[in-house]
Amino acid sequence: MKHKVVVFGEMLWDCLPSGAVPGGAPMNVALNLHQLGLDSRLISSVGNDSDGRQLLEFLARFNLPVDLIQTNQDYETSKVLVNDEDPENIKYTIVSPVAWDFIAWNPEMDQAVSSSNALVFGTLGVRNSESLSTLLKLLHHKTLRIFDVNFRPPFYDFEVIETLLGYTDILKINEDELVIFANYFDINPEVESVCAYLDQHFPMDLICVTMGSKGALLYKDGKTFEHTGYKVQVADSIGAGDAFLSGFIKTYLEEQSLDKALDFACKLGAFVASKKGGTPKYKISEL
């Protein structure tokens with residue numbers, strides 16, 4: 001049986017100077033999981049417009065199910081203006097409000113989450129109270145709950161974040177987000193200090209910290225597992241963190257060792273960083 005993973009949140013067009021490409025962390029994760037052989041589904045929303053129809057057609061080319069993606073009659077499909085002058089430090093301007101700000105709960109998505117092996121969610125997709133309310137209902141299911149923080153200033157609220165941390169089994173953050181956590185909780189910004197604090201104050205089992213070209217680490221039960229990453233020629237960093245998380249989810253659900261899970265996650269993250277865009281097509285054999 002394939003592992004089932006439901007991903008909740010944004011899907012959008014990344015509008016780069018070179019042209020628009022499909023994106024959004026949750027969509028990237030769902031697509032990567034699908035390419036890795038998992039049964040992945042995306043809960044999101046698009047507008048009743050050509051941009052929305054083209055996004056759904058894009059997903060169809062990957063054969064990713066779109067049955068949990070809603071069409072909003074009142075709000076447009078999401079767009080993000082991307083500044084990629086520095087390929088390793090992409091800047092985003094996110095239009096608001098858009099269709100995925102208004103994801104409405106329904107029994108079909110509830111059933112999908114209740115029968116899944118994992119639910120992945122982030123902060124951007126719940127910047128609006130309606131989508132947040134829907135996610136909170138889904139988080140009551142006792143599946144593996146994976147919080148990919150993915151801060152996009154100014155669209156996050158620490159009152160909401162603390163609520164989400166209370167439902168988190170696995171937390172994934174990058175080194176910049178780790179500093180933001182340290183500042184908010186007024187603790188030492190060292191990786192081990194922040195991880196220890198979060199581990200002690202919230203019910204999570206595991207923390208993943210990505211560090212760009214310096215690799216990544218896992219924190220569990222006071223121990224850290226580190227990986228220096230794979231050195232590649234970076235095309236752009238769009239989707240690299242999403243690929244890392246997808247690779248980790250695959251191997252973690254397969255109950256591989258944390259060292260092996262971290263290695264595969266770093267490998268997939270580096271591979272995607274070596275390609276243009278966040279969702280290149282690939283086969284596992286290419287890794």
Side-chain angles (χ1 to χ4, degrees), residues 7-32 34 40-62 64-104 120-132 134-135 148-157 160 174 176-177 235-243 245-246 272-273 275-281:
V7 190
F8 182 99
E10 65 272 14
M11 58 187 301
L12 49 86
W13 287 100
D14 278 324
C15 300
L16 297 107
S18 57
V21 294
M27 192 181 80
N28 293 344
V29 170
L31 282 172
N32 276 302
H34 180 72
S40 63
R41 297 167 77 184
L42 176 65
I43 295 175
S44 190
S45 182
V46 295
N48 184 19
D49 50 35
S50 61
D51 284 338
R53 288 187 286 275
Q54 288 179 56
L55 273 182
L56 295 177
E57 290 167 4
F58 171 77
L59 296 181
R61 291 200 291 272
F62 284 83
L64 185 79
V66 297
D67 56 316
L68 299 180
I69 299 172
Q70 302 171 5
T71 299
N72 191 298
Q73 303 299 324
D74 301 317
Y75 293 92
E76 295 181 347
T77 300
S78 178
K79 291 182 180 178
V80 175
L81 308 180
V82 181
N83 181 338
D84 62 352
E85 290 179 2
D86 179 356
E88 294 192 27
N89 187 26
I90 305 290
K91 299 286 195 302
Y92 303 90
T93 302
I94 305 169
V95 178
S96 172
V98 292
W100 51 255
D101 284 313
F102 303 92
I103 300 171
V120 185
F121 58 96
T123 54
L124 180 57
V126 294
R127 64 183 179 180
N128 180 278
S129 59
E130 183 167 347
S131 291
L132 174 61
T134 298
L135 177 62
D148 178 13
V149 171
N150 202 28
F151 285 147
R152 290 289 181 258
F155 299 114
Y156 62 87
D157 177 331
V160 171
N174 62 34
D176 294 330
E177 292 159 351
D236 65 50
S237 62
I238 297 173
D242 306 327
L245 179 60
S246 305
V272 169
K275 307 293 183 182
K276 291 292 289 183
T279 53
K281 276 195 171 184

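Here the structure is a predicted model, which means the values were calculated and not measured. The basis for the numbers below is simple: all heavy atoms, side chains too, and nothing from hydrogens, waters or symmetry mates.
- Contact check for D67 versus R41: side-chain heavy atoms found under the 4.5 Å cut-off.
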(message) Before you tell me yes or no, could you show the steps for I43 and F121 under side-chain contact (heavy atoms from CB on, under 4.5 Å), namely the whole-Å CA-CA distance, both residues' side-chain angles and the distance that decides it to 0.1 Å?
(response) CA-CA 10 Å; I43 295 175; F121 58 96; over 6 Å; no
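- Between F102 and N128, the closest side-chain pair of non-hydrogen atoms falls below 4.5 Å.
- The shortest heavy-atom contact between E10 and G125 is OE1-N, 3.2 Å.
- Considering CG of L124 and CH2 of W100, their distance stands at 3.5 Å, rounded to 0.5 Å.
- For the pair D101 and S96, the tightest heavy-atom approach, listed with the atom from each and the gap, is OD2-OG, 4.3 Å.
- Not one N or O on the side chain of D148 forms a donor-acceptor pair closer than 3.5 Å with the backbone of D242.
- With a 4.5 Å cut-off on side-chain heavy atoms, D236 and K275 do not count as touching.
- A donor-acceptor contact shorter than 3.5 Å is absent between the side chain of S44 and the backbone of I69.
- W13 contributes a side-chain N or O that, together with a main-chain N or O of D51, makes up a donor-acceptor pair within less than 3.5 Å.
- For the residue pair F62 and H34, the shortest heavy atom distance occurs at O-NE2, 2.6 Å.
- A 4.5 Å side-chain heavy-atom check between Y156 and V149 finds every atom pair outside the cut-off.
- For the residue pair I103 and F8, the shortest heavy atom distance occurs at CD1-CZ, 3.9 Å.
- Side-chain contact between M27 and P22 is present, with heavy atoms from C-beta onward closer than 4.5 Å.
- Of the possible polar contacts, one joining the T77 side chain to the G47 backbone as a donor-acceptor pair under 3.5 Å is found.
- Heavy atoms only, all atoms of each residue included: K281 and R61 are closest at NZ-O, 3.2 Å.
- None of N32, L245, L42 except one satisfies the side-chain contact (heavy atoms from CB on, under 4.5 Å) rule with V7; the exception is L42.
- Taken to the nearest 0.5 Å, the CD atom of Q54 stands 9.0 Å off from the CG atom of D49.
- Considering every non-hydrogen atom in both N150 and A25, the closest pair reads ND2-CB, 3.2 Å.
- Between the OG atom in S246 and the CG atom in N28 there is a gap of 8.0 Å [rounded to 0.5 Å].
- Screening V66, L56, N72 against V46 for a side-chain contact (heavy atoms from CB on, under 4.5 Å) leaves a single residue, L56.
- The closest side-chain heavy-atom distance from F155 to I94 is below 4.5 Å.
- Looking at heavy atoms from C-beta onward, S40 lies in side-chain contact with L64 at the 4.5 angstrom threshold.
- Interatomic distance, SG of C15 versus CG of N83, reported as 13.0 Å (0.5 Å rounding).
- D14 places no side-chain N or O within 3.5 Å of a backbone atom of L16 that could act as its donor or acceptor partner.
- Distance check: N48 CG to D74 CG gives 10.0 Å after rounding to the nearest 0.5 Å.
- E76 CD: 12 or fewer foreign heavy atoms inside a 6.0 Å radius.
- In this structure, R152 and V80 have side chains that are not in contact, with every pair of non-hydrogen atoms separated by 4.5 Å or more.
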